[in-house]
Each structure stands twice: as structure tokens, then as C-alpha cells.
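Only one structure is covered here, and it is reproduced in the block below.
Since the model is a prediction, treat every value here as computed from it, not as a measurement.
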Amino acid sequence: MAPLSHLTGRGQRMLSSAFLYVVALLHWCHRSEAAWTEILDHGSVGGFPSHAQATRLLESFVLSYPDVLVKRKIGTSFQGRPMYAYVLGTSRAPKSPASPQVLLTALTHAREPAGLTVVLYFLGRMLELYARRDPEAMYVLHYREVWLVPFVNPDGYVANELSSSKILRKNQRPTCSGDADSTGVDLNRNFGYRWKHEFDGCNEEYEGSGPFSEPETQALRKICEENNFRAAMNFHTYGGMLTHPYNWAKRPALPEDDQRVYSEIGDVFGWPRFGPAILTVGYTTSGEADDWMYGVRGIISMSPEVGPEGGNFWPPSSTISGINTRNFARTLYVVHKAGMELNARWIQQPLQADDLGHASARTLPGGAPDVDLQLLLSNTGLSASAGLTLGIAVVGAVVQSPDIRRSTPAALVSNQGSRIAWAHLVDTSGSGLPALVFALPSLPRRSSQHFSLLIGRSLEHHGSRLLRVCVAEAPASKNVTSNRSSAPAICRCSGLASLHGSNDRLASSSELQNFSWVLAHDAADGLQSLCAAAAAFVSEELPQEASAKFIKDPSNAVVGAALVSGARHDLHVIKGQKIYESSVPLLLVSASIVLGICALVRMQRHRLLASLVAELCREADNTSIPRSPAALRDNSMLELTAGLCSSDV
């Protein structure tokens with residue numbers, strides 16, 4: 001950024017003023033953000049939020065984050081209460097069928113409020129992290145679509161609020177004359193898979209008059225039929241266990257790979273009790289939600305029983321926060337697993353003379369290599385990677401060689417002897433070593449692929465290597481007619497993998513599972529620069545001239561990433577204008593965004609905001625920020641500024 005001395009006195013005052021506004025508003029908004037968690041364990045129902053309190057919190061989320069959270073009515077309860085799903089993702093428009101969708105539900109049983117707070121906490125925390133531009137949260141909101149139904153049984157929950165016993169489990173259909181605590185239908189016995197009539201209307205497991213007899217289960221059936229959920233989590237309490245299909249069977253048997261999926265999830269959750277109902281609670285259940293979602297819709301569905309075994313349905317309020325935070329990571333893992341779940345391993349072995357790619361490798365710098373360096377990529381997720389290709393950037397595979405032109409192919413990438421791509425060199429900051437960049441085909445779900453990197457002999461490492469790989473997916477959906485910006489380039493970057501030994505013997509690294517999330521267009525350090533290199537090769541639709549520019553000018557990784565991402569505030573840099581010309585408007589716009597998010601929730605109680613908005617708008621009037629609707633159409637940040645400045649606050 002240009003030094004402040006380059007600005008006029010008025011410009012310095014504007015920049016300082018804008019910066020102070022941003023700091024003050026961020027501090028004020030932090031208090032507002034922290035307040036949303038208080039209702040989760042300081043509510044009016046034994047510490048849990050009431051139906052009204054939770055609904056107000058959800059409404060505040062929708063108002064504060066309209067670009068990433070949408071409320072959709074999915075049905076009406078028996079007593080006429082509206083049922084809503086809250087859809088978390090960056091696009092209001094329907095996404096492509098391949099976009100991984102996940103369903104999270106709570107309060108199927110009305111006396112299990114910890115499931116409600118786990119879902120609310122997951123939603124609020126993801127929104128909070130997204131607002132802070134956390135790379136992982138940004139990835140989830142751009143590459144997943146999460147449907148949250150916090151109240152499957154709103155009638156039963158409201159009835160518990162008014163009850164001294166708070167033991168109501170079922171919905172509020174009258175089924176047991178004279179006993180309000182025993183009336184209703186058990187919604188988790190009302191789904192149309194292996195449903196059977198077993199209990200009378202006063203039993204707490206009464207399954208209803210027939211499958212899907214209840215409007216609440218009909219609402220869930222409808223959204224499952226209209227969407228393509230890859231995974232579902234139906235939260236219950238308590239006991240610290242994970243149940244999964246088939247819950248109706250005494251000797252359940254699943255297809256081998258599906259059983260492996262559930263086992264992978266169970267290993268991450270770390271609960272000692274795991275499996276179908278017969279193995280976890282000791283009995284079978286018919287007409288159960290997970291069985292229908294899995295058996296009819298093919299959804300990897302499960303029921304986490306959150307809360308400690310030594311607790312109860314209404315645990316002390318002091319334990320609620322811990323239950324929420326412990327299950328955040330578990331929920332996030334399942335959301336990730338609905339799409340690509342990446343693992344990697346490196347293998348080094350002597351190159352065989354009869355390798356099918358050997359002839360092509362002779363054209364590489366220095367000729368064919370001595371070593372076959374293999375990258376093993378596996379996708380243990382429930383969907384293929386997004387887009388047609390993956391962008392790959394590897395550092396540590398080649399030595400520095402200033403004599404090699406960056407436009408010259410440095411390595412040949414093959415799969416089972418068939419050439420897939422040429423890899424090129426790109427200089428990245430941080431490591432001092434050039435990176436190999438190339439594109440690979442999309443990884444199918446539940447698959448593994450071996451790729452050989454035949455590196456030109458003059459670039460080849462000899463002896464031990466330290467390797468790092470960054471992988472970028474293509475955006476999950478593209479809408480060229482939309483005014484919304486495309487998904488940012490976000491990578492998974494591995495830790496350093498060590499390959500020991502000489503070139504004449506086999507060497508293998510341990511499996512790489514813990515990847516860092518890196519935002520490419522903020523390329524300022526080694527990982528971000530490496531991610532920017534991978535992102536430039538992520539799509540077959542990338543214009544050839546952009547690819548050539550990136551290779552021929554490897555020192556300009558930031559510019560290359562900006563060209564790919566299309567970030568508007570970077571265009572000043574690309575066009576060669578002075579950075580500080582856009583700094584004041586950008587800071588003012590940033591302040592407006594912070595102000596807008598917070599003010600929508602708390603405007604009426606904080607009249608200080610009115611003067612801040614007025615001052616902010618006076619500064620904006622003296623800048624070059626476009627103010628007409630036509631000029632604002634392509635920039636949602638500026639739309640928010642204009643909306644605030646034209647409103648009566």
C-alpha cells in the first residue's frame with residue numbers, strides 16, 4: 001500500500017476517520033455477536049431458549065446475513081404453527097444437482113432441547129466465522145447447502161414450556177383422552193419405512209394411524225423428496241451415542257461401503273456407543289426417520305444423541321455451552337463429508353524403463369527423470385469434487401533452476417501410463433522454491449487415484465524431500481446472468497510430507513489428512529501464494545491467455561489470482577492505479593457492512609448508530625463510490641452503503 005505521505009491532508013483525514021469508524025464499529029459489533037450465544041444457555045425454559053426466543057434469534061440471523069441465509073416455510077404443525085427450514089449457503093437460486101446438500105434437524109422429540117441449541121450454535125457460529133472471512137466457513141457456504149430445521153415438533157416444545165413436568169415427547173394430536181402428558185404421535189415412529197402398528201395412543205412410542213399421518217413428518221418427507229441431501233443429522237438427546245440405520249433390524253446389514261462411511265464418521269465422533277438401535281439403546285425401532293431417509297432416499301442419515309450419559313433431557317444450564325461447542329466440530333465434519341473429503345499420500349520409486357510415459361518425458365528439461373514421484377489422492381466424501389478439474393500446486397518436488405523458462409513444461413503428469421497434463425513452474429513466496437502447477441480430473445466420490453509426476457532430470461530432487469500440496473476445486477455452481485460474485489478460490493493445503501531415502505529405492509509418506517484451509521485471493525504468504533497458483537489451473541474453462549500470463553509472469557501471483565477471482569477491489573492494482581485511490585471507499589464500505597449487519601438487529605436500542613451512519617454517509621458523498629442503482633447493481637457491498645445512506649435511521 002502506498003505511504004500516507006502520498007495523500008493530501010484531506011485524504012489522510014478521510015482515511016484516518018474511516019479507519020477509526022471501522023475499529024469502533026467492529027468493537028461494538030463484537031459485543032452484539034457475543035450476545036447471540038447468551039440466549040442458548042440463559043433462556044426462559046430451564047436455561048434453554050423458548051420457541052419464541054429461538055425464533056427471534058433465527059430472524060435476527062436472517063436479517064443480518066440475507067446473502068447467505070434464507071428462511072423457507074416447509075409446512076404447518078398439527079396445531080397450525082408454521083414450520084421453517086433455514087437454508088445456509090451463498091446462493092438464493094437453486095444450485096446444480098451435484099452441489100452437496102446436508103439436512104440438520106432438531107426437536108423431533110419435544111423434550112430434547114439440547115439438539116435445538118446444537119443446531120442454533122452451529123448456524124450462528126458458521127455465520128460469525130463467514131463474516132470474519134474464515135476460509136473454512138467461506139468454503140462451506142460456497143460449496144455446500146445446509147438445510148436446518150430447528151423445530152420438527154414445535155407444538156410439543158411449546159407445550160413443554162407450559163408444563164411443570166416437561167416430559168412431553170410427542171406432537172399434540174389428541175390420542176390419549178384425559179392425559180395431556182401422554183397424548184400425541186411419536187414423530188420418530190411415523191416415517192414410512194418398516195412402519196407398523198405396535199402401540200396404543202397413550203404410549204410414548206405411539207406411531208400414528210399410518211405412515212406419514214402427521215403434518216410434521218410430511219414436511220420433512222417433502223423437502224427430502226425435493227432436494228438431494230447427501231447426509232442428514234437428526235439430533236436427539238441424550239447419552240453421547242451415534243445411531244444409524246437400520247434401526248428396525250435385529251441383525252442389520254448395510255452395503256460394505258455404506259457401513260465404512262458410518263464407521264469413518266463414528267471414528268471422528270469418538271463416542272463409545274455407535275451403530276443401529278439394537279447396538280446402542282438395546283431395542284429396535286420401526287418407522288424411524290434415519291431408516292426412511294437412508295432406505296428410501298439414499299441419504300447417509302444418523303441420529304447423534306448429544307449430552308452426557310449421566311445427564312438427562314433437561315441438563316443444567318451450565319452444561320449447555322459445552323454440549324454445543326463439542327458437537328460443532330462433529331457437525332462440521334459431516335457437512336464436509338457430504339462433498340469431497342480429501343486425503344493424500346506421496347510415494348517415490350525408481351522409474352521403470354517400460355513406463356508408458358517415458359518417451360514423452362524425454363522432452364522435459366534435462367531429459368527423463370530417474371524417479372517416479374507419485375501423488376495418491378483419495379476422496380472419502382459422499383460427492384465428487386466440484387467442477388470438471390482440480391487445480392494442483394506442489395512445492396518441494398523440484399529444485400530451483402533459474403535457467404528453466406517458466407513457460408516450459410517442467411513435468412509430465414500421468415495416470416496408469418496415460419498422459420493427463422503438463423506441469424509448469426510458478427514462483428511462490430515463502431518457500432524460495434518454485435511450485436509445480438497442473439490440473440487433474442475431478443475426483444469421483446469414494447475413490448482413489450494415483451498420479452505420476454515425471455520431473456525433468458535437471459529439476460529433479462535427489463535424496464530426501466519435503467513436499468506440500470495445495471488442491472483447489474472449481475466453484476460448485478456458476479450463473480453468468482446473476483449479479484452475485486463467483487465463489488472465491490479456497491484451497492486445502494497439506495502439511496509437509498517427508499520422503500526419505502535415495503532415488504534407487506521405494507519411499508512412502510504417511511497419509512495426509514489434516515489440511516489447512518487457505519483463501520487464495522489474499523495471497524500474501526507462502527500458503528496463500530501456493531493456493532493462488534493452484535486456483536489458476538482449477539478449471540478447463542480458464543482462458544488460455546490468462547493461463548499463459550500466469551506462467552510467463554510467475555512473480556505476479558497476486559495479480560494472477562485476482563484475474564481468476566475477479567475481485568473488484570483488486571482491479572485498481574491490476575490496472576496499475578495507486579492503491580490508496582481505492583482505500584478510502586473500501587474502508588468506508590467495510591464500515592457500512594459492519595454497521596449494516598449489527599444495526600439490523602439492534603438499531604432501535606442504540607441511537608448512537610444514527611450519528612455514525614450520518615457521518616459515514618457524509619464521508620461517502622465526497623468519494624467516488626457509485627450511488628445510482630445502475631452503478632450499484634453489480635456490487636452488493638455498495639448496495640448496502642446506498643441503502644443505509646438513503647434510509648431514515
| salt bridge (Lys or Arg N to Asp or Glu O under 4.0 Å) with E341: which residues, sequence neighbours excluded? | K337
| task | Could you tell me whether the side chains of Q348 and R465 share a donor-acceptor contact shorter than 3.5 Å? | result | yes
| said: For a 4.5 angstrom cut-off between non-hydrogen side-chain atoms, does I265 reach M302? | reply: yes
| said: Is any side-chain heavy atom of F229 closer than 4.5 Å to one of L103? | reply: yes
| With distance as the sole test, does S447 use its side chain to make a donor-acceptor pair with the main-chain N or O of P444 at under 3.5 Å? | yes
| task | Report yes or no: does R144 contribute a side-chain atom to a donor-acceptor pair with the main-chain N or O of H336 at less than 3.5 Å? | result | yes
| request: Please name all residues satisfying salt bridge (Lys or Arg N to Asp or Glu O under 4.0 Å) with R446, sequence neighbours left out, ordered by chain then number. | output: D257, E264
| message | Looking at every non-hydrogen atom in both residues, tell me the closest pair between R457 and D370 and how far apart they are. | response | NH2-OD1, 3.2 Å
| Name of the residue among P441, S452, S414 meeting side chain to side chain contact (heavy atoms under 4.5 Å, CB included) with I420 | P441
| task | Return yes if some donor-acceptor pair links the side-chain N/O of E473 with the main-chain N/O of A386 below 3.5 Å, else return no. | result | yes
| Okay, side chain of R445, backbone of T380: is any donor-acceptor separation there less than 3.5 Å? | no
| request: Name the orientation class of the two ring planes belonging to Y139 and Y143 (parallel below 30°, tilted from 30 to 60°, perpendicular beyond 60°). | output: parallel
| query | Any donor and acceptor pair, going by atom type alone, linking the side chain of R492 with main-chain N or O of V471 inside 3.5 Å? | reply | no
| query | Of all heavy-atom pairs between P100 and G339, which one has the smallest distance, and what is that distance? | reply | CG-CA, 3.6 Å
| task | Check whether any side-chain N or O of S442 sits under 3.5 Å from a backbone N or O of S385 as a donor-acceptor pair, and report yes or no. | result | yes
| In terms of side-chain heavy atoms, does W147 have a donor or acceptor partner in E145 at a distance below 3.5 Å? | yes
| query | Taking atom types as modelled, is there a side-chain donor on N327 or Y121 under 3.5 Å from an acceptor on the other? | reply | no
| request: Using distance alone, with no hydrogens and no angle criterion, decide if D290 and S303 have a side-chain donor and acceptor under 3.5 Å apart. | output: yes
| task | Among residues two or more places apart or on two chains, list those pairs meeting salt bridge (Lys or Arg N to Asp or Glu O under 4.0 Å) that have a residue in residues 389-399. | result | none
| field | By side chain to side chain donor-acceptor pair (under 3.5 Å) - contacts of N415 (at least two apart) | value | none
| Which residues satisfy the ring-ring contact (aromatic ring centres under 6.0 Å, His included) test with Y262, sequence neighbours excluded? | H244
| field | side chain to side chain contact (heavy atoms under 4.5 Å, CB included) partners of P272, counting only residues at least two apart | value | none
| Cysteines C493 and C470 with SG distance under 2.5 Å | yes
| Side-chain donor-acceptor contact under 3.5 Å, N227 with Q101 | yes
